[in-house]
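The structure appears right after this line, and notes come after that.
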Amino acid sequence: MTEQTPAGVVSPPDGPEPRAEELRDRLAAFLRHHLGVPEVVVDPPEQIQGGASRLSYRVRYRAGDDPVVHAVLRMVPESGGFTTEGAEYEAVVIEALAGSGVPVPEILCRSEDPAWLGAPFMLMVEVRNCSSDAALLFEPRFAEVREQIGRTFWEALGRLAALDPVRLGLAEAAGLPDADQAWRLELDFVNECLAAGGAQNHPLGRYLLLWLEENPPPPSGKVAIVHGDFRPGNFLFDESGAVRAVLDWERWRLGDPVIDLAYSLRPTWRSKDGETLIPEADAIAAWERTSGLTLDPRARAWFEVADRAAALGTLAQMQAQYIADGGHENTIYFFVLRSLSASWPRLRELVGLPEPTIAPRVAPETQPSKDGGEGLGAYVALLGERIGRDIAPAMPTPHARANTALDTRILRVVADRLENGVDILASDNTEVAAVLEAALATAPEAAREAGADLVLRQAPASLRTSALQRRNDELWAVCVRLLDRVHRGATSEDREVRARIEQALSNHYERLVLPLATFTTP
């Protein structure tokens, strides 16, 4: 039952996200009201690290002489994350799924009123003696039950797909799409993700959107509850091989059930050595067995591409948040970057982009400095190496050690840009300018409408990295507009221009994004 501040009750103090002691006191005040008891003792909440859309805390409290309650508090942050939905939206689906065969936590109470804790929240029973750490699944002690966990994981996803959201009362909360048009709802979702990150005109994002529009998937004939982030790391398991609860429902929606399956099969979720919980064919078979559906490879391909396009928007959103926050909570940004890197070869194959025609760049940790190691870039790289070796291991908490270790990877990015940024951007600018020059010769009307002649008359303000980056953005903005004009063109000239843009796009991604993703992730 949702709690609001009732009439005649003094509202708790307003304010920003509280510190642990303040949060303890404010939660105690809420629980006294909610439980109707004069005294509730609450221990200082312990923040659970990780996640991008919610703040989570372990909480222990005792009401009077009752036993101690172990709970998890989830709060909606003031800004950032992947969704702006409140706690109630997430709670609605968790409550509807209780007893459904899809394991979910038990909700104790919730409130949308920020007066209590400073933000909407819900309090759930803590599922104890288990873990959500996906890395543990590939340790020797889980070897005997890993297959069972994997099979149970995809069976749970199949059961979720088999449920009737109308019967569970979820149609009103999320909106019920027509089964044959559910893909269009997902395309709208991709557009929303790109818009949230300010990446509507990102060259790869725009190309993927055009591909998605031109290649609709075969309908599954079923509207299902979509978790939106169904993967290792978002479920609790124990050493017996049981999957105890599926977590993090804030991105749920109604749509095609293949959305979750395609997402759960991402290469990103494999171990560092490329291991999977169970073979992919077995995962699909478990899903088909419990969902009663048959996976069409064309549908999987479409929803994979949609997921990657949405991830570009998430990457841009996280990058903006990372800059705005002065570098705090940057793990998600680099995680999404790694995710795009891991899936890039398959994505390129799915949408038909050509292989790059440039040689892969050498990772900066093995790349010799141009001036014998005395340049600023080499100094920054050395600084990152020393922080990783001497400072990160000495940090007092695991979270601090992890964040400091991540900072060393960020310094590698900075060092690489200092050493090679001018060459990288100048090469990309030269190639994109050549594409536009060829377009003016091949399809002059479309090229001029896109602004190719105007942008080619200009030049970068200087050879500084920042000026070359601005030039890069300008050139690619024209390429995106030109792509919009020729992507459905039937003439040989249109096809030639499109092929040149596709090759430049493949090289652009290889040159600017993939090397960074390779060496900057934990």
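Nothing here was measured: the structure is a model prediction, and the numbers come from that model.
Donor-acceptor pairing under 3.5 Å is lacking for the side chains of N234 and S132. Between the side chains of D428 and W476, a donor-acceptor pair is found at a separation under 3.5 Å.
With sequence neighbours excluded, the residues forming a salt bridge (charged side-chain N to carboxylate O under 4.0 Å, His left out) with E449 are R485, listed by chain and number. By the side chain to side chain contact (heavy atoms under 4.5 Å, CB included) test, R495 is found to be paired with S492, residues two or more places apart in sequence or in another chain being considered. For T276, the side chain to side chain contact (heavy atoms under 4.5 Å, CB included) criterion is met by R270, not counting sequence neighbours. Partners of D494 according to the salt bridge (charged side-chain N to carboxylate O under 4.0 Å, His left out) rule, which considers only residues two or more places apart in sequence or in another chain, do not exist here. For Y263, the ring pair (Phe, Tyr, Trp, His ring centres under 6.0 Å) test picks out W269, with sequence neighbours left out. Under the ring pair (Phe, Tyr, Trp, His ring centres under 6.0 Å) criterion, W154 pairs with no residue, sequence neighbours left out. For E496, the salt bridge (charged side-chain N to carboxylate O under 4.0 Å, His left out) partners are R500, not counting sequence neighbours. Listed by chain and number, the residues in a salt bridge (charged side-chain N to carboxylate O under 4.0 Å, His left out) with E437 amount to none (sequence neighbours excluded). For P218, the side chain to side chain contact (heavy atoms under 4.5 Å, CB included) criterion is met by D296, R298, A299, not counting sequence neighbours. Annotation: ring pair (Phe, Tyr, Trp, His ring centres under 6.0 Å) contacts of W287 (sequence neighbours excluded): none. Residues meeting the ring pair (Phe, Tyr, Trp, His ring centres under 6.0 Å) test with F142, sequence neighbours left out: F237.
Put simply, the side chain of E288 gets close to the backbone of L295: a donor and an acceptor are under 3.5 Å apart. A side-chain donor-acceptor contact under 3.5 Å links R471 to the backbone of Q458. Checking side-chain atoms of S291 against main-chain N and O of G158 turns up no donor-acceptor pair under 3.5 Å. A donor-acceptor distance shorter than 3.5 angstrom exists from the side chain of H227 to the backbone of L247, with no hydrogens or angles considered. Remark: the backbone N or O of L293 is not paired with any side-chain donor or acceptor of K222 at under 3.5 angstrom.
Under the 4.0 Å criterion applied to side-chain N and carboxylate O atoms, R231 and D229 are assigned as salt-bridge partners. R251 has no carboxylate O lying under 4.0 Å from a charged side-chain N of E90, or vice versa, which leaves the two without a salt bridge.
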- request: Step by step, work out the salt bridge (Lys or Arg N to Asp or Glu O under 4.0 Å) result for R266 and D307.
  value: CA-CA 10 Å; R266 269 191 194 181; D307 172 54; 2.8 Å; yes
**Study point:** Full working for side-chain contact (heavy atoms from CB on, under 4.5 Å) between V486 and T491
**Key:** CA-CA 9 Å; V486 302; T491 68; over 6 Å; no
Margin query: What verdict does the side-chain contact (heavy atoms from CB on, under 4.5 Å) test give for Y207 and L483, after you've listed the backbone C-alpha separation in whole Å, the side-chain angles of each residue and the deciding distance to 0.1 Å?
Written below: CA-CA 8 Å; Y207 185 84; L483 182 63; 3.7 Å; yes
Exercise. Step by step, work out the side-chain contact (heavy atoms from CB on, under 4.5 Å) result for L468 and N429.
Key: CA-CA 8 Å; L468 290 171; N429 289 353; 3.8 Å; yes
For a side-chain contact (heavy atoms from CB on, under 4.5 Å) check, start with the C-alpha distance between V435 and C479, then their side-chain angles and the critical distance, and finish with the verdict. CA-CA 8 Å; V435 169; C479 260; 4.3 Å; yes
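How far CG of L475 is from OG1 of T430: 9.0 Å, rounded to the nearest 0.5 Å. Put simply, OG1 on T465 and CD1 on I424 are 9.0 Å apart, with the number rounded to the nearest 0.5 Å. With rounding to the nearest 0.5 angstrom, the CD atom of E355 is 11.0 Å from the CG atom of N507. Taking CZ of F230 as the start and CH2 of W249 as the end, the distance is 6.5 Å to the nearest 0.5 Å. Summarising the geometry, atom CZ belonging to R74 is positioned 4.5 Å from atom CG belonging to D248; distances are rounded to the nearest 0.5 Å. Atoms CG and CG, on L347 and L353 in that order, are 7.5 Å from each other to the nearest 0.5 Å.
Taking the side chain as every heavy atom from C-beta outward, L350 and R308 never approach each other to under 4.5 Å. At a threshold of 4.5 Å between non-hydrogen side-chain atoms, the residues R151 and D282 do not count as touching. Residues R348 and S506 are in side-chain contact: their nearest non-hydrogen atoms beyond the backbone lie under 4.5 Å apart. Looking at F153 and P232, their side chains come closer than 4.5 Å, going by heavy atoms from C-beta outward. Contact check for N472 versus H508: side-chain heavy atoms found under the 4.5 Å cut-off. Looking at heavy atoms from C-beta onward, R300 lies in side-chain contact with L265 at the 4.5 angstrom threshold. P354 has its side chain within reach of E502: a pair of non-hydrogen atoms, C-beta onward, lies under 4.5 Å apart. Inter-residue side-chain proximity for R206 and D484 is flagged as met; some heavy-atom pair is nearer than 4.5 Å.
What you find for L136 and S131 is that their closest heavy atoms are CD1-OG, 3.4 Å. Residues L440 and A447 share a closest heavy-atom pair of CD2-CB, 3.6 Å. Closest approach of V226 and G255 over heavy atoms only: CG2-N, 3.7 Å. Closest non-hydrogen pair, V223 versus P177, comes out as CG2-O, 3.3 Å. The two residues G228 and D260 have their closest heavy-atom pair at N-OD1, 3.0 Å. Listed here is the closest heavy atom pair of L505 and L204: CD1-N, 3.8 Å.
Annotation: E139, atom CD; neighbour count of heavy atoms from other residues, nucleotides and ligands within 6.0 Å is above 12. Residue E445 qualifies as open at atom CD: its count of foreign heavy atoms under 6.0 Å is 12 or below.
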Do any side-chain atoms of residues 184-199 form donor-acceptor pairs under 3.5 angstrom with protein atoms, and if so which ones, sequence neighbours left out?
| from | atom 1 | to | atom 2 | distance (Å) |
| --- | --- | --- | --- | --- |
| R184 | NE | Q181 | OE1 | 2.8 |
| E186 | OE1 | R253 | NE | 3.3 |
| E186 | OE2 | R253 | NH2 | 2.7 |
| N191 | ND2 | L187 | O | 3.2 |

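Under the 30°/60° scheme for interplanar angles, the aromatic rings of W252 and Y89 are found to lie parallel.
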